[in-house]
Amino acid sequence: MKPPKDKYEIVSEMGKRRGYFWPSYEIYGGVGGFITYGPLGSALKRNLETKFRKFYLQPLAIVEIESPVIMPGTVLEASGHVENFKEPTVGCVKCQRKFRADHLLQEFGKMTDTQTEKLDLDAVMEEIQKLGIKCPDCGGDFNKAEQFMTMFTTTIGPYSDSIGYGRPEAAQGIFVEFKRIFESMRNRLPLGVAQIGQALRNEISPRQGPVRLREFTIIDIEFFLDPEDKKCLIINEVENETLRFLLAENKQKENPEITTMTIKEALTKGIIQEEWLAYFMAKAKQLLILLGVPEDKQRFIEKLDYERAHYSKQGFDQEVYLDRWGWTEVSGHNYRTDFDLARHMNASGVDLTAFKETEDGGKRFVPHVIEPSFGLDRLVYTVLEYAYNKQGKRNVLSLPRDLAPMHASVFPLVNKDGLMEKADEVYHMLADSGFVLNWDHSGSIGRRYARADEVGIPIGITVDYQTLEDNTVTLRDRTSWTQVRTKLDELPELLCNYFANKIDFNGLGTLIER
RNA sequence: GCGGUCGUAGUCUAGUCUGGUCAGGACCCCGGCUUCCCAAGCCGGGUACUCGGGUUCAAAUCCCGGCGACCGCACCA
């Protein structure tokens, strides 16, 4: 017996067949860790970005920049990534297995995290030999220690000593350009700066399709604050929002218990230290709800000291539950303090401080940063998985209407008596009004509805015999299959309101009983 | 990177053990006919043995290697 298909299998199958996403470079056998978005997938991703901007960026007037993917070595050395994005490994001479050298030293040498971090490769090897650590699997000796670098390395220009890296996050692009951004935004805090763009991480073994990629789209938001004035003036907007937490103290337990509390409570109890961090987490939860992930399939997990990235003072990961992989990180919310700006200021010698007036004149200070960061590809996949459902024999993608890659289908009820021509007219009328449409006259009307359902098109517009008489059409709702009748000349405006979430389906016309 | 399993059309799959009569099915897709509302029907059409090498009279089938996928280990800063 084959195990029943999980949702990942179904969604990727559908993704390939209908053009959402598939593994890249398939004709050359494929390369792990890369996917290509097809016609529908790229549209979905674009719509998701638009929604993100509208929901997460615009209300706070967060500005966006676009900076290069290739970064010179100096930048990522200053940021600490060159140091932190690699792991010392040793290989067993006998069985060839590779081990994290620092983990071996911690386990057998009782060394702490901070101790092992300070060792260079030679020192690592020395310690391993001094302690007589052998391969835990077969007892063999270890050969030379080497670093596995998880950033993509390249050279810039013709000089091979000019090392460049593919950026592992978009955040550094913001920190490096902070001076100009801050100046052009008239030196005012708080200032939110976002970047949506590609990031590269040379994962050892990616697998896991769209949730673990070597090249992916990251949304990094750096929210710069005065460390002496970190109050969030709009925290009241979200203070009653409840979040589900997996707290650090509960993580080690057998059955990690979920703690549910409001933002207000979390702040009062000191679970979340920063108001802005709390604010962004609440918004992240709300966003995921809008993307179709119910409350009980989301949680925030508190990062332990050693789990946090090198730049983070406090951090929570937002996780959603995926059928195949269980709890999966879709966003990270970190308090980066002044870590990055201070490092770049130090390394570059350029002043990256802000100025404020005080009673005794004024002072310069390095702004602090609250950072929400999202993996857009994971969000796209999450949306697809949660939108997928089966109605009878049919696959239906109940995508939120504002994310659907196509707004509506236009069908002639039958392909004769001038209905094709009329449907064509309707198609062009709506296309001129800016809608993205699916045209289908193949098979029967039922088959066309079914095809459109699987692709996730929210509305079906059918041109029938009555259309020829009174210029009305039938609209059919993808999810409920209910139908309404509407005058053609009112349709563009109605659809516009529908996709702006101003009216629901029943507001599109008068109900038809069949 | 290691170990295990695996790789047949757009998708899913039969066949591989026991080499030949094997490339079959279903869905899907396209064109036409039909069709007054949910994958109806009829006709026609479409595409595949992961790649390379070897064994053999003969390879989807056996052997070696590459690539990829899945699961476990490790990794996910």
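In the text below, chain A, chain B and the rest are named by the order of the sequence lines, each starting its count at 1. The figures here come from the full heavy-atom set of this structure, side chains too, leaving out hydrogens, waters and symmetry mates.
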Subject >> Same-atom distance (P) from B:A60 to B:U16, integer angstrom >> reply: 14 Å
Rounded to whole Å, CD of A:E329 lies from C1' of B:C75 at a distance of 15 Å
Problem set entry | A:F224 and A:F178 aromatic ring geometry - parallel, tilted or perpendicular at 30°/60° bounds | tilted
A:W22 atom CH2 is separated from B:U11 atom P, nearest whole Å, by 11 Å
note: A:R394, atom CZ; B:C28, atom P; distance rounded to Å ~ 11 Å
Using the C1' atom on both, measure B:U61 against B:G19 and round to a whole Å. 6 Å
Can you tell whether the side chains of A:R485 and A:D464 come within less than 4.0 Å, N to carboxylate O?
yes
Taking only N/O atoms, report every protein-nucleotides 69-71 of chain B pair under 3.5 Å with atom names and distance.
residue : atom : partner : partner atom : Å
B:C70   : O3'  : A:R324  : NH1          : 3.3
B:C71   : N4   : A:R207  : NH1          : 3.4
B:C71   : N4   : A:R207  : NH2          : 2.9

**Whole-Å C1' distance, B:C63 and B:C17** = 15 Å
> Is it the case that A:E385 and A:Y381 place a side-chain donor and acceptor less than 3.5 Å from each other?
Replying inline: yes
Numerically ordered, the residues 379-388 of chain A set in heavy-atom contact under 4.0 Å with RNA chain B is none
- Query: Does the pair A:E454/A:R17 count as a salt bridge with the N-to-O cut at 4.0 Å?
  - Reply: yes
Nearest-nucleotide check on RNA chain B, A:D440 vs A:V463; residue mapping nearer the 5' end is A:D440
Review point. Under 3.5 Å, is there an N or O donor on one side and an acceptor on the other linking the side chain of A:D453 and the base of B:C38?
Key: no
Exercise. Determine the Euclidean distance between corresponding P atoms of B:A14 and B:U8; express it in Å to zero decimal places.
Key: 10 Å
When you compare B:G24 with B:A9, how far apart are their C1' atoms, in angstrom units rounded to a whole number?
-> 12 Å
A:R451 side chain N/O closer than 4.0 Å to the phosphate oxygens (OP1, OP2) of B:C29? yes
message = Looking at B:C27, I'd like to know if its phosphate oxygens (OP1 or OP2) sit under 4.0 Å from a side-chain N or O belonging to A:R18.
response = no
Looking at A:Y8, I'd like to know if the NZ or CZ of A:R324 sits under 6.0 Å from its six-membered ring centre while staying within 45 degrees of the ring's axis.
no
Between CG of A:N395 and C1' of B:C38 the distance, given in whole Å, is 15 Å
To the nearest angstrom, the CZ-P distance between A:R447 and B:C30 comes to 9 Å
**OP:** Check whether NZ of the Lys or CZ of the Arg A:R201 lies under 6.0 Å from the centre of the six-membered ring of A:F216 and within 45 degrees of that ring's axis.
**Re:** no
Separation of B:C36 atom C1' from A:Y449 atom OH, nearest Å, is 11 Å
When rounded to whole Å, the CG to P distance for the pair A:N202 and B:G1 reads 11 Å
* To do: Taking atom P in both B:G52 and B:C73, compute the distance separating them and give it to the nearest angstrom.
  => 35 Å
So, with a heavy-atom separation below 4.0 Å from RNA chain B, the residues of residues 465-492 of chain A are A:Y465, A:T474, A:R476, A:W481, A:Q483
Note to self: Suppose you measure atom P in B:C70 against the same atom in B:G32; what distance do you get, rounded to whole Å?
What the structure shows: 40 Å
Provide the distance between the two P atoms, one in B:A74 and one in B:G66, to the nearest whole Å. 25 Å
**Request:** Could you tell me whether A:F499 and A:H407 have their ring centroids closer than 6.0 angstrom?
**Result:** yes
With sequence neighbours left out, the residues meeting salt bridge (charged side-chain N to carboxylate O under 4.0 Å, His left out) with A:E222 are none
*Just to confirm, is there a sub-4.0 Å distance from OP1 or OP2 of B:C12 to any side-chain nitrogen or oxygen of A:R17?*
no
- Is there a side-chain contact between A:L397 and A:M14 (heavy atoms, below 4.5 Å)? yes
So, A:K422 and A:N471: side-chain donor and acceptor under 3.5 Å apart, yes or no? yes
Practice task
Please tell me if the side chains of A:F21 and A:S12 come closer than 4.5 Å, counting only heavy atoms from C-beta onward.
Solution key: yes
Of A:H310, A:H344, A:H81, A:H368, the one forming a ring-ring contact (aromatic ring centres under 6.0 Å, His included) with A:F339 is A:H310
Anything under 3.5 Å between a protein N or O and an N or O of nucleotides 31-35 of chain B, put it in a table, one pair a line.
residue : atom : partner : partner atom : Å
B:U35   : OP2  : A:K416  : NZ           : 2.5
B:U35   : O4   : A:N415  : N            : 2.9

Worksheet item: Between A:R394 and A:D453, is the closest basic N to carboxylate O distance under 4.0 Å?
Response: yes
* **Centroid-centroid under 6.0 Å between A:Y165 and A:F152 rings** => no
Where RNA chain B forms runs of at least three Watson-Crick or G-U pairs (i with j, i+1 with j-1, under 3.5 Å), the stems are B:1-7 with B:67-73, B:10-13 with B:24-27, B:28-33 with B:41-46, B:50-54 with B:62-66
Note, A:F175 side chain near A:R343 side chain (heavy atom, < 4.5 Å): no
Quiz prompt | Heavy-atom side-chain proximity of A:D377 to A:Y37 below 4.5 angstrom | solution = yes
Side-chain heavy-atom pair A:F34, A:L213 within 4.5 angstrom cut-off
no
Just N and O in the side chain of A:R214: are any of them under 4.0 Å from OP1 or OP2 of B:C76?
no
Taken to the nearest whole Å, CZ/A:R212 to P/B:C76 is 9 Å
Q: Using the six-membered ring wherever Trp is involved, compare the ring planes of A:Y449 and A:F411 and label them parallel, tilted or perpendicular (cut-offs 30° and 60°).
A: perpendicular
